[in-house]
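Read the structure below first, then the notes.
What you are looking at is a predicted structure, and each value in this text was computed from that prediction instead of being measured.
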Amino acid sequence: MVKESGQPTRKPTGRALGLMAMITMAFLAVASRFWYLQVKDASHYQALARQDTLRKLPVPAPRGNIVASDGVVVATSKPSWTLYYLPVNNQTTMPASEVATLAKYLGVSTKTMSQLIAEQQAKAYAYQPIEIVSGLTDQQMTVIEENRSLLPNIRIQPVAVRYYPYNSIMGNIMGYTSAISAQDLKEKQYQGYSPTAIVGAAGLEAEYQSYLRGHSGGQFAEVNRQGQLVRLLGQVVPTPGDTLHLTINWHLEETAQNALAYTMKAMRHSTQAFSHSTGAVQGAVLAIDPNNGDVLAMASLPSYNPNKLLPGSTTRNSYYAQLGANPMSPFNVLPVSGLFAPGSVFKPIMAVAALASGVVTPTTEIFDPGYFPKDPIFGNWYPNGFGWLNIEQAIGLSDDVFFYTLGYDMGINTMDKWMDNFLLNKPTGIDLPGEATSLIPSPALLEQENHTPWTWGWNLNCPAKCHAGQYTMVALARADSAIANGGTLYWPHLVSEITSPSGKVIKQFNPVVQGKLNLPYSIFHTVHVGMEMSAQDPSIAKGVSGTGYGALAGLPVPVASKTGTAQVVAQNNYNAYFLTYGPMPHPSILILVYIREGNWGADSGFVARAIYDQYFKIQDPKAGPLFDSTFGLNWPWPFGYVPPAAKHP
């Protein structure tokens, strides 16, 4: 899985070189003094230290860049002016008058200023400079410098701070940084960290903290008894962190999040009753290469802007509280931490189980009268019934009665066996924090969760709707990728390699096989045909099109799809799901979409269509009229591929 050092090197980007040069030059003027500090005048400075007149001003290391697979830098560092307080004469607390003055100059309340200072003081060692706030504006610096006599123990210093050029796009996937807490410092993983360290608090920032962190430096300064700067003595130059290279394509990522937001907005404003939903305010999309587990795009809405959560920001606490109060949980990365009843997107997995178990063959036909004959309460979504269907037609039409029959014939033990074979009972190990483990249905789980005994009616429900289980999107994507590629379950991951500041490859992530379904390819081919009918066939039975056709009609690339509509427990609302992969017969991208209260699964398919337009470079003039007819809106389709402008010499 991992190749250590000795790999080909990658040249550092211009942005990285520029930042490193800027920080180095900022302190180069005093570099010659460091030797004197350490060697020649060591005894003199030891005396200064004993007199409490030597201070080390910390210089945080620039965190490593995060770069998309198409070379777009999505997280980097930039210079920022940071304000420090230098304690003097055993006085670690800033005088109240200075706190009030500083609060006034920074435009915040005295209470907020006091809280910011108290948080930092709680972690600081005696006599250690205390970081108060970062990101000072020119106006703030000017007013502080002009009134330095009122703030004698303040120091303004340039440091590198985190910067996310695209704000909330991919925000909760990227995560955010935070000042290390007193509790963190007690944990093994943070041994050796400074009390002033900045660490990843969520997302990729947290997952790859040990690589992104870098190594901080510092300036050594002599201060007088009043804590005022006398002279700079030397410095240790910080070392930037390593660079993460993502499997995510930025153009696809941007399209995925924008298309998800656009489709949910269309649902909320739809003039068509069947597609209108005011509750469509939360959603997620995951695009993955089914042949190796590379995550090509991942979006989770609502998201957040990690630039507003930077440590030392005067607005950080209020923004954090605002996000925490949002019932749609912006901090959650839904494809990883969300658990959902998947509705009919579960049918392809159960189709493989039934074919592999010998319950049906590709030519077996089951009659659908519009309800399950043994208990008419189990009706079909198409109440008139489709009559005689084989399994390919049943997949294409998402026929409930056909899959009720499969569940009745297989029983829960056989279905559980195949859910285990698809690894749905195990986390994927994706390289993001907070992954949940899917809950596969079983008599024991039903008794534990609902205090309800298992009956044969649950056997019907499992392959058709699977309301009895809850699954993560990433676990379903891994399982469905195995259907797409012919039986191999790959580790889903977002990082392809890690390079040092000099460009040397220090870690490389290759495809990892987590499981194998040793089945004849004909089984997967049968499911593929049914899913292709869902996406492409305008009339499978009784003039009814495939359930995915409503979102994919006219797409000039052959793809497969499966829709899903799952009722929210105890509510008359329905979550929408859309599963698709292509191009057929050799798919290279799989997309799974979820929209809370999206009503009809096919409507969420427009998110996938937008991603296809970019992935396959389709201008797609047929998408707009289809989108308009679905939602009754005269809105443009902004996701058709636009070729880049020709470069002129």
Quick one: closest heavy-atom pair of Ile180 and Pro195, and the distance?
CG2-O, 3.5 Å
Spell out, as yes or no, whether a donor-acceptor pair under 3.5 Å connects the side chain of Thr177 to the backbone of Ile198.
no
Taking atom types as modelled, is there a side-chain donor on Thr76 or Asn65 under 3.5 Å from an acceptor on the other?
yes
Measure from the side-chain N and O atoms of Glu435 to the backbone N and O of Gly429, and report whether any donor-acceptor pair falls under 3.5 Å.
yes
Partners of Tyr490 by ring pair (Phe, Tyr, Trp, His ring centres under 6.0 Å), sequence neighbours excluded?
none
Testing the basics here: between Val495 and Asp431, what is the closest heavy-atom pair and its distance to 0.1 Å?
N-OD2, 3.3 Å
Would you check if there is a donor-acceptor pair between the side chains of Thr247 and His493 at a distance under 3.5 Å?
no
Verdict with supporting geometry, Asp420 and Asn425, side-chain hydrogen bond (donor to acceptor under 3.5 Å, both in side chains):
CA-CA 6 Å; Asp420 290 351; Asn425 60 335; 3.2 Å; yes
Any chance you could measure Arg155, atom CZ, to Ile144, atom CD1, to the nearest 0.5 Å?
13.0 Å
Output, in order, the C-alpha distance, side-chain angles, deciding distance and verdict of side-chain hydrogen bond (donor to acceptor under 3.5 Å, both in side chains) for Thr82 and Glu131.
CA-CA 7 Å; Thr82 299; Glu131 179 181 336; 4.9 Å; no
Centres of the Phe340 and Tyr471 rings: under 6.0 Å?
no
For Glu145, the salt bridge (Lys or Arg N to Asp or Glu O under 4.0 Å) test, sequence neighbours excluded, returns Arg148
Answer yes or no: is there a donor N or O on one side and an acceptor on the other, between the side chain of Ser181 and the main chain of Asp184, under 3.5 Å?
yes
Within 6.0 angstrom of Tyr211 OH, more than 12 heavy atoms from elsewhere
no
Closest heavy-atom pair, Pro290 versus Ile589, reported as atoms and distance to 0.1 Å, is CD-N, 3.7 Å
In terms of side-chain heavy atoms, does Thr315 have a donor or acceptor partner in Ser318 at a distance below 3.5 Å?
no
Sorted by chain and residue number, the salt bridge (Lys or Arg N to Asp or Glu O under 4.0 Å) partners of Arg213 (sequence neighbours excluded) come out as none
Step through it carefully: locate the ring centre of Tyr320, locate the ring centre of Phe331, and say whether they are under 6.0 Å apart.
yes
So which heavy atom on Ser300 is nearest to which on Asn172, and how close?
O-ND2, 3.2 Å
Would Phe639 and Tyr262 count as a close aromatic pair, with their ring centres under 6.0 Å?
yes
When you compare the side chain of Val336 with that of Thr472, does any pair of heavy atoms fall below 4.5 Å?
no
Return the minimal non-hydrogen interatomic distance between Ser194 and Leu185, and the atom names on each side.
O-CD2, 4.0 Å
Atom of Ser303, atom of Leu323 and distance for their closest heavy-atom approach:
O-CD2, 4.5 Å
Quick note, salt bridge (Lys or Arg N to Asp or Glu O under 4.0 Å) partners involving residues 234-259, not counting sequence neighbours, are none
Take Asn307 and Asn167 through the side-chain hydrogen bond (donor to acceptor under 3.5 Å, both in side chains) test and state the conclusion after the steps.
CA-CA 7 Å; Asn307 288 311; Asn167 299 315; 3.0 Å; yes
Only one of Val593, Leu296, Leu260, Ile591 clears side-chain contact (heavy atoms from CB on, under 4.5 Å) with Ile611; which?
Ile591
Quick note, salt bridge (Lys or Arg N to Asp or Glu O under 4.0 Å) partners involving residues 194-206, not counting sequence neighbours, are Arg63-Glu205, Arg162-Glu205
So, Thr255 side chain and His251 main chain: donor-acceptor pair closer than 3.5 Å or not?
yes
Side chains of Glu98 and Tyr85: any donor to acceptor distance under 3.5 Å?
no
Just by modelled atom types, is the Trp250 backbone N or O under 3.5 Å from a matching donor or acceptor in the Asp70 side chain?
yes
Testing the 3.5 Å rule here: is there a donor-acceptor pair between the side chains of Tyr615 and Ser588?
yes
Name all pairs fulfilling the salt bridge (Lys or Arg N to Asp or Glu O under 4.0 Å) condition that reach into residues 308-327, sequence neighbours left out, sorted by first residue then second.
none
